[in-house]
Amino acid sequence: MTIIKVADENEVISKLASYTEKISNDAISKRGKFFIGLSGGSVVKFLCEGLPTLNTDWSKWVLAFCDERVVPEDSEDSTFGTYKRNLIPKTSLKEEQFITIKQGVSAEEAASDYTKKLTAAFGSPNFIFDLLLLGMGPDGHTCSLFPGHPLLNETSLKVAPITDSPKPPPERVTLTYPVINSARNCIFAITGAGKADMVKRILKDQEDLPSTRVKPEGSLYWIVDSAAAAHLLTNYWG
Ligand SMILES: O=C1O[C@H](COP(=O)(O)O)[C@@H](O)[C@H](O)[C@H]1O
């Protein structure tokens, strides 16, 4: 695990963009495509500001979601809707490059449909993402994997429905740990004093919380601003 401490949100955005550029270009030169999983919440803003600066072959990107809320695309809770409005117009990405979660159906049907779409995109039932861009809530959740929820122990489904998310909206679809931990790279991007306690509990105390369980076969990075890193010892940085 590599922890990257930076001063503030602007530096989180630029660091996240530079790692994404390098990982995308490596993936494209080695395998011809770049499979990326996007998160919702605060990460959306970081990516909508940072990604348009990238020097990359956008036509080779395949964009999916670490989790998504089962809400109409024009809802402010729709993660895809927000990227569609705020990222696509600033890049040469096309809407067809996004593997989206079906709306207007149950979370169970949306998860099954998303699994089929990912299987077609990867050409295999093993979804090996080049990069998952992850957020962490103040309760330690990541994707739609919440503390104490039975989905933390899901091992057979690659994509799961959730209908009782403690953070609204309740109906969602999420990648599970077998997929998250098969990724080639995972990057958490965390800002703000409101997350400082949880950052310490996860990175220093290694408490068993959803974000602590992200231990990919590939590389794991945490990009943290100084407010979120406030309770970590300075000699902890590796
Ligand atoms: O509900 C969600 O929350 C997490 C964390 O959001 P943040 O605003 O605290 O960064 C996010 O990563 C996830 O994708 C989203 O659905």
Side-chain angles (χ1 to χ4, degrees), residues 6 8-10 12-13 15-16 20 36-51 63-73 75-84 86-87 98-103 107 110-111 114 118 129 131-149 151-152 159-177 179-181 183 185-203 209-214 216 220-225 227-230:
V6 296
D8 55 23
E9 183 177 292
N10 284 338
V12 168
I13 291 169
K15 196 58 91 176
L16 187 57
T20 303
I36 182 171
L38 307 171
S39 286
S42 50
V43 165
V44 178
K45 174 177 184 263
F46 305 158
L47 297 179
C48 291
E49 287 187 24
L51 292 187
L63 302 101
F65 294 88
C66 299
D67 69 324
E68 174 63 289
R69 297 89 181 264
V70 185
V71 293
E73 197 182 292
S75 158
E76 63 180 25
D77 284 323
S78 166
T79 298
F80 170 62
T82 316
Y83 285 110
K84 182 176 170 182
N86 300 308
L87 177 66
F98 287 76
I99 304 172
T100 55
I101 282 91
K102 191 171 181 181
Q103 305 295 346
Y114 188 46
L118 288 175
F129 281 89
L131 174 60
L132 296 177
L133 296 175
L134 300 169
M136 179 200 72
D139 59 352
H141 85 270
T142 191
C143 302
S144 287
L145 298 164
F146 291 89
H149 196 279
L151 273 186
L152 297 183
V159 171
I162 169 169
T163 54
D164 57 355
S165 164
K167 175 178 173 181
E171 303 229 337
R172 295 157 171 247
V173 166
T174 184
L175 299 181
T176 58
Y177 288 108
V179 173
I180 297 167
N181 285 333
N185 297 276
C186 291
I187 304 181
F188 281 92
I190 312 293
T191 60
K195 293 188 177 163
D197 179 55
M198 191 50 69
V199 165
K200 172 186 167 288
R201 288 171 63 188
I202 289 169
L203 294 182
L209 287 154
S211 296
T212 321
R213 293 190 184 200
V214 175
L220 172 62
Y221 304 92
W222 282 74
I223 304 175
V224 194
D225 78 353

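Both ligands and their constituent atoms are indexed starting at 1 by order of listing. The structure displayed is predicted, hence computed values, not measured ones. The chain is numbered in sequence order, starting from 1.
- Within the structure, the closest approach of Gly137 to ligand 1 falls below 4.0 Å when heavy atoms are considered.
- For the side-chain contact (heavy atoms from CB on, under 4.5 Å) with Arg172, the lone residue among Val71, Thr163, Asp67 that qualifies is Asp67.
- Among the atoms of Gly40, some N or O lies under 3.5 angstrom from an N or O of ligand 1.
- With sequence neighbours excluded, the residues that form a ring pair (Phe, Tyr, Trp, His ring centres under 6.0 Å) with Phe129 are Phe122.
- Selection from Gly135, Cys143, Ser42 by nearest heavy atom to atom 10 (O) of ligand 1 gives Ser42.
- For ligand 1, the polar-atom distance check finds an N/O of Lys195 within less than 3.5 Å of one of the ligand's N/O atoms.
- Looking only at protein heavy atoms, the nearest one to atom 16 (O) of ligand 1 is Asp67 OD2, 2.5 Å.
- Annotation: side chain of Val214 is in contact with side chain of Leu220 (closest heavy-atom distance under 4.5 Å).
- Atom numbering of ligand 1 starts at 1 in the shown order; those under 4.0 Å from a heavy atom of Arg172 are 1 (O), 2 (C), 16 (O).
- Close contacts between ligand 1 and Ser39 involve ligand atoms 12 (O), 14 (O) [criterion: under 4.0 Å to a heavy atom].
- Ranked by closest heavy atom to atom 1 (O) of ligand 1, the top entry among Arg69, Met136, Met198 is Arg69.
- Ring geometry, Phe146 versus His141: the interplanar angle falls under 30°, so the pair is classed parallel (tilted spans 30 to 60°).
- Distance from atom 6 (O) of ligand 1 to its nearest protein heavy atom, with residue and atom name: Lys167 NZ, 3.5 Å.
- Partners of Glu171 under the salt bridge (charged side-chain N to carboxylate O under 4.0 Å, His left out) rule, at least two apart in sequence or in another chain, do not exist in this structure.
- Regarding atom 4 (C) of ligand 1, its nearest protein heavy-atom neighbour is His141 NE2, 3.2 Å.
- Looking at heavy atoms from C-beta onward, Ile180 lies out of side-chain contact with Pro216 at the 4.5 angstrom threshold.
- Considering Val6, Ile187, Thr20 as possible partners of Lys15, the one that fulfils the side-chain contact (heavy atoms from CB on, under 4.5 Å) test is Val6.
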